Amino acid sequence: MMPPTATIEDIKAHQERVEKDKITPDNLPPCSRCSVESEFFKIHAYRERRFLIIIEMLIKAAYCSLVRFICPGCGKTFTHYPDFAIPYKHYTQPSITGFSASYVESENMTYQQAVMVDNSAVGYPESDSTDAPTLAPTTIHRWITTLGQFTQTCRTSLTLLVQENPISSICRDLARLNIPHQKYKTDQRRKQLIGCRQMVIIEDFFQTTFQTSIFTKLATRCAFG
Ligand SMILES: [Zn+2]
């Protein structure tokens, strides 16, 4: 099995769109400070970002530019994220959602096991260097915290899904979710785990229904909240 990851081609394709001036601010939400609509935003800067992708079980750095827009009303700046990126994360969205999903959807997986694909840890080269980057169990723990907080994105997706498919049982299914006791010590963590698991289910259903990911436009429009 291949570990989930954006590919070097995804990253190159984004770089090409940046260079051809194809990145628009349209999907960004209105300015959070002065409410000017994002279509009026202007390009402010290009910033190189390092991403971590997984190639043949090894973690590799790949670089591309992200576009920063500026609100003409108040000067606040906003970063545009391609669909493989999640703000403040170096790993790509498919890795973040994929590894988190396998943890929250399993009954008794540990974080130690969550970094394994086919019994090997992601990041260890088969032979030599032990200082190569590896995917740490605590990283997955943090990803779940992040994904468990996409409340607005989930709520908006759910509204669209129910409009499209009024007889769906998804709301009932989501309300019924449980997390095994051994996976949390605090109620706050339980809520993050449930939030993450709900996001995973919503994303799955969204893909099937609309043939696109919630990360393509919706998460951006919801300011990754
Ligand atoms: Zn503004």
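Nothing fancy with the numbering, it's 1 onward along the sequence. Just so you know, these numbers come straight off a predicted model, no measurement behind them. Just so you know, these numbers use all the heavy atoms, side chains as well, and skip hydrogens, waters and symmetry mates. Ligands are counted one by one from 1 in listed order, and the atoms in each one are counted from 1 as well.
Each of Trp143, Phe51, Phe84, Phe99 was scored for a side-chain contact (heavy atoms from CB on, under 4.5 Å) with Tyr91, with one residue passing: Trp143.
Phe150 is not listed as a side-chain neighbour of Ile214, based on a closest heavy-atom distance of 4.5 Å or more. A heavy-atom distance below 4.5 Å is not found between the side chains of Phe205 and Asp173.
The distance cut-off of 2.8 Å around the Zn ion (ligand 1) captures these protein N, O or S atoms, sorted by chain and number: Cys31 SG, Cys34 SG, Cys71 SG, Cys74 SG.
For residues 18-43, every residue pair satisfying the salt bridge (Lys or Arg N to Asp or Glu O under 4.0 Å) rule, not counting sequence neighbours, is listed here: Glu16-Lys20.
Taking the ring axis of Tyr81 as reference, the NZ or CZ atom of Lys89 does not stay both within 45° of it and closer than 6.0 Å to the ring centre.
In summary, the side chains of Gln163 and Thr159 do not present any donor paired with an acceptor at a separation below 3.5 Å, with no hydrogens or angles considered.
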